[in-house]
Amino acid sequence: MPLLNVEDYRRRARRVLPRLVFDYVDGGAEDERCLQRNRDALESLPLIPECLRDTSAMDIGIELFGRRWRAPFAIAPIGLAGLVRPGADALLAGAAQAARVPFILSTASNTRIEDVRAAAPDATLWMQLYVMGERAIAERIVRRARTAGFEALVLTVDVPVSGLRERDLRHGFRVPMQLTPGTLFDMARHPAWLLRLARSGAPQFANLLPDDDGAPVSAQTQAALLSRAMDRTLTWDSLAWLRKLWDGPLLIKGLLGAEDARRALRHGADGIVVSNHGGRQLDAAPASIAALPAILDAVGGRIPVLMDGGIRRGSDIVKALALGARAALVGRAPVYGLACGGEQGALSVLQLLAQETERTMTLLGATGVHELGPRHVDRPAPRSLTEQDGAAQRIKETPHGKASIYPARATA
């Protein structure tokens with residue numbers, strides 16, 4: 001059967017990966033309502049085409065921080081991707097290089113920063129940063145990323161503690177690892193995956209190792225990264241510390257509220273990623289696309305705003321762009337491709353998303369991202385309610401003419 005869309009790749013990935021690994025990639029926190037909320041909110045926003053427009057010259061590329069992207073999306077940071085396939089981070093960087101879109105390397109990656117750069121020498125690479133208790137580790141990662149030519153730093157701020165990811169816990173995927181007999185049997189039923197793992201060894205947090213003697217950091221620090229136990233003393237004032245280490249673009253990832261967006265501006269952030277961590281942290285959080293308009297209003301165009309969460313189609317990317325996002329991040333989608341076919345599989349997914357984005361824009365009558373706007377998003381009358389996760393969501397016009405989705409207050 002041909003793989004025609006991201007959901008096809010997802011189904012194939014579910015077959016080729018052990019359930020523990022697939023659920024780690026695919027799952028969310030607690031009841032996974034935020035995970036579903038991301039999809040429901042995107043699906044609740046139809047697009048309105050403008051007809052009889054000349055779309056013979058189409059360009060879906062964008063420019064951001066002095067770089068030209070072939071398509072208006074980047075690969076989001078993906079921790080522990082080496083579970084899916086050995087060398088996953090380098091393979092994803094290679095796919096991003098071929099697609100001419102950025103790749104954001106996670107602090108929780110399994111390939112050294114320098115090796116990712118060597119695998120994709122011409123790629124636009126960004127570094128995602130978790131700050132754990134030992135801040136010297138974060139400082140070392142930032143210095144290495146700068147030396148390796150990474151162009152932007154993405155500070156993730158929505159993980160003061162890990163979300164309760166119950167799928168992982170049911171498989172014994174925790175610290176310390178407690179794999180169940182059923183999980184071990186399931187691994188044995190996936191010999192191709194098991195053989196690759198046996199040849200390469202269990203994935204390690206490669207960038208927790210110093211760049212000099214390779215001596216490992218403490219087991220407690222590695223456990224903290226796996227469980228996303230971050231430095232809870234990190235505050236907005238800590239951005240001044242990061243600025244002393246990093247003089248390139250600094251983006252804050254994980255914001256969902258307008259006031260936090262204004263704080264990011266006041267503290268000198270160069271960009272914002274509106275994100276609920278793919279539904280993997282606070283299960284009660286709003287959908288990213290729902291939080292996007294209020295943050296755009298708060299920022300007022302002074303810095304670029306990107307968005308991730310629930311994107312499975314090029315039309316989802318177009319919806320984010322039409323509401324005002326500069327670009328989208330895609331995480332699970334290229335990993336499904338990676339599971340199915342390595343670097344080529346990830347590249348195929350990126351190409352598929354680019355093709356869908358171009359087709360959607362053509363059908364809307366837009367020849368470039370700059371022509372997209374709120375008029376392309378169908379906004380029901382103010383009294384209309386859209387169902388999202390069983391809770392009403394009111395869609396209304398903002399003073400700036402952008403579509404916003406606000407949770408309606410619960411009634412007794």
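All values below were derived from every heavy atom in this structure, side-chain atoms included, with hydrogens, water molecules and symmetry-related copies excluded.
In terms of heavy-atom proximity, Gln97 sits nearest to Asp122 at OE1-N, 2.7 Å. Residue Val131 comes nearest to Ala138 through the heavy atom pair CG2-CB, 4.3 Å, listed as atom of the first residue, atom of the second, then distance. Cys34 approaches Ala285 most closely through the heavy-atom pair SG-O, 3.6 Å. Closest of all the heavy-atom pairs between Leu372 and Ala366 is CD2-CB, 3.8 Å. Across every non-hydrogen atom of Ile295 and Leu255, the tightest pair is CD1-O, 3.7 Å. Nearest approach of Ala41 to Ala287, heavy atoms of both residues: CB-CB, 3.5 Å.
Inter-residue side-chain proximity for Ile104 and Ile75 is flagged as unmet; no heavy-atom pair is nearer than 4.5 Å. Looking at heavy atoms from C-beta onward, Leu329 lies out of side-chain contact with Met307 at the 4.5 angstrom threshold. In this structure the side chain of Phe65 reaches within 4.5 angstrom of the side chain of Leu251, judged on heavy atoms. Val142 has its side chain within reach of Leu153: a pair of non-hydrogen atoms, C-beta onward, lies under 4.5 Å apart. By the 4.5 Å heavy-atom criterion applied to side chains, Leu105 and Gln128 are not counted as neighbours. The side-chain heavy atoms of His376 and Glu50, taken from C-beta on, include a pair separated by under 4.5 Å. Within the 4.5 Å cutoff, no side-chain heavy atoms of Val6 are placed close to those of Arg313. With a 4.5 Å cut-off on side-chain heavy atoms, Glu166 and Glu32 do not count as touching.
The main-chain N or O of Tyr130 is found under 3.5 Å from a side-chain atom of Thr107 such that the two form a donor-acceptor pair. No donor-acceptor pair under 3.5 Å is formed between the side chain of Gln281 and the backbone N or O of His277. Proximity of a side-chain donor or acceptor of Arg100 to a complementary backbone N or O of Arg70 within less than 3.5 Å is not detected. Formation of a donor-acceptor pair under 3.5 Å by the Arg332 side chain with backbone atoms of Ile311 is not found in this model. A donor-acceptor pair under 3.5 Å is formed between the side chain of His190 and the backbone N or O of Arg15. Judged by distance alone, with hydrogens and angles left aside, the side-chain atoms of Arg326 form no donor-acceptor pair with the main-chain N or O of Val305 at under 3.5 Å. With Trp193 contributing its side chain and Leu83 its backbone, the two residues share a donor-acceptor pair below 3.5 Å. Panel note: side chain Arg243, backbone Ser238; no donor-acceptor pair is recorded below 3.5 Å.
For Arg266, the CZ atom is densely surrounded, since the number of other residues' heavy atoms within 6.0 Å is greater than 12.
Within the cation-pi definition used here (under 6.0 Å to the ring centroid, within 45° of the axis), Arg280 qualifies as a partner of Tyr24.
The existence of a salt bridge linking Arg263 and Asp260 is confirmed by a sub-4.0 Å separation between a basic side-chain nitrogen and an acidic carboxylate oxygen. Salt bridge absent: Arg135 and Glu139 never bring a charged side-chain N and a carboxylate O closer than 4.0 Å. Arg359 and Glu356 are not joined by a salt bridge, as no carboxylate oxygen comes within less than 4.0 angstrom of a charged side-chain nitrogen. Under 4.0 Å is where a charged nitrogen must lie from a carboxylate oxygen, and between Glu259 and Arg262 at least one such pair does. Salt-bridge annotation for Glu63 and Arg67: absent, with no side-chain N of the basic residue lying under 4.0 Å from a carboxylate O of the acidic one. Comment: Lys253 engages Asp308 in a salt bridge, judged by a side-chain N to carboxylate O separation of less than 4.0 angstrom. Ion pairing between a basic and an acidic side chain is recognised when a charged N comes within 4.0 Å of a carboxylate O; Asp26 and Arg167 show such pairing. Salt-bridge check for Asp270 with Arg302: failed, with every basic side-chain N at 4.0 Å or more from each acidic carboxylate O. Ion pairing between Arg68 and Asp59 holds under the 4.0 Å rule for side-chain N and carboxylate O.
Atom OG1 in Thr183 sits 10.0 Å away from atom CZ in Arg19 (nearest 0.5 Å). Phe103 contributes atom CZ, which lies 9.5 Å from atom CG of Leu91 (distance to the nearest 0.5 angstrom). Rounding to the nearest 0.5 Å gives a distance of 9.5 Å between CG of Leu321 and CG of Leu292. Here the straight-line distance linking atom CD of Glu30 with atom CG of Leu35 works out to 12.5 Å at 0.5 Å rounding. Of the inter-residue distances, the one linking Trp246 atom CH2 with Phe150 atom CZ reads 8.5 Å to the nearest 0.5 angstrom. To the nearest 0.5 Å, atoms CE (Met187) and CG (Leu179) are separated by 5.0 Å.
Evaluation of the side-chain hydrogen bond (donor to acceptor under 3.5 Å, both in side chains) rule for Tyr9 yields no partner, not counting sequence neighbours. Annotation: ring pair (Phe, Tyr, Trp, His ring centres under 6.0 Å) contacts of His267 (sequence neighbours excluded): Trp236. Taking the side-chain hydrogen bond (donor to acceptor under 3.5 Å, both in side chains) definition, one finds that Asp54 meets it with Ser56, sequence neighbours left out.
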I would like to know whether Leu129 and Thr156 meet side chain to side chain contact (heavy atoms under 4.5 Å, CB included); could you show each step before the answer?
CA-CA 6 Å; Leu129 185 67; Thr156 297; over 6 Å; no
I would like to know whether Arg10 and Glu7 meet salt bridge (Lys or Arg N to Asp or Glu O under 4.0 Å); could you show each step before the answer?
CA-CA 5 Å; Arg10 178 182 178 273; Glu7 182 59 26; 3.3 Å; yes
For Glu343 and Leu338: C-alpha separation, side-chain torsions, deciding distance, then whether side chain to side chain contact (heavy atoms under 4.5 Å, CB included) applies.
CA-CA 6 Å; Glu343 180 176 329; Leu338 180 76; 5.8 Å; no
Verdict with supporting geometry, Asp23 and Phe173, side chain to side chain contact (heavy atoms under 4.5 Å, CB included):
CA-CA 10 Å; Asp23 280 354; Phe173 188 24; over 6 Å; no
Working for salt bridge (Lys or Arg N to Asp or Glu O under 4.0 Å), residues Asp283 and Arg37
CA-CA 9 Å; Asp283 198 27; Arg37 197 174 291 123; 5.4 Å; no
Given Ile303 and Leu265, is the side chain to side chain contact (heavy atoms under 4.5 Å, CB included) satisfied, shown in steps?
CA-CA 8 Å; Ile303 57 175; Leu265 276 173; 3.8 Å; yes
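Asn38 and Asn276 share a donor-acceptor pair across their side chains, judged by distance under 3.5 Å alone. With 3.5 Å as the limit, one finds no donor-acceptor pair spanning the side chains of Glu358 and Thr362. Side-chain polar atoms of Tyr336 and Asp8 form no donor-acceptor pair below 3.5 angstrom. Under 3.5 Å, the side chains of Ser109 and Ser106 contain no donor-acceptor pair of N or O atoms. Arg144 and Asn207 are linked by a side-chain donor-acceptor pair at a separation below 3.5 angstrom, with hydrogens and angles left out of the test.
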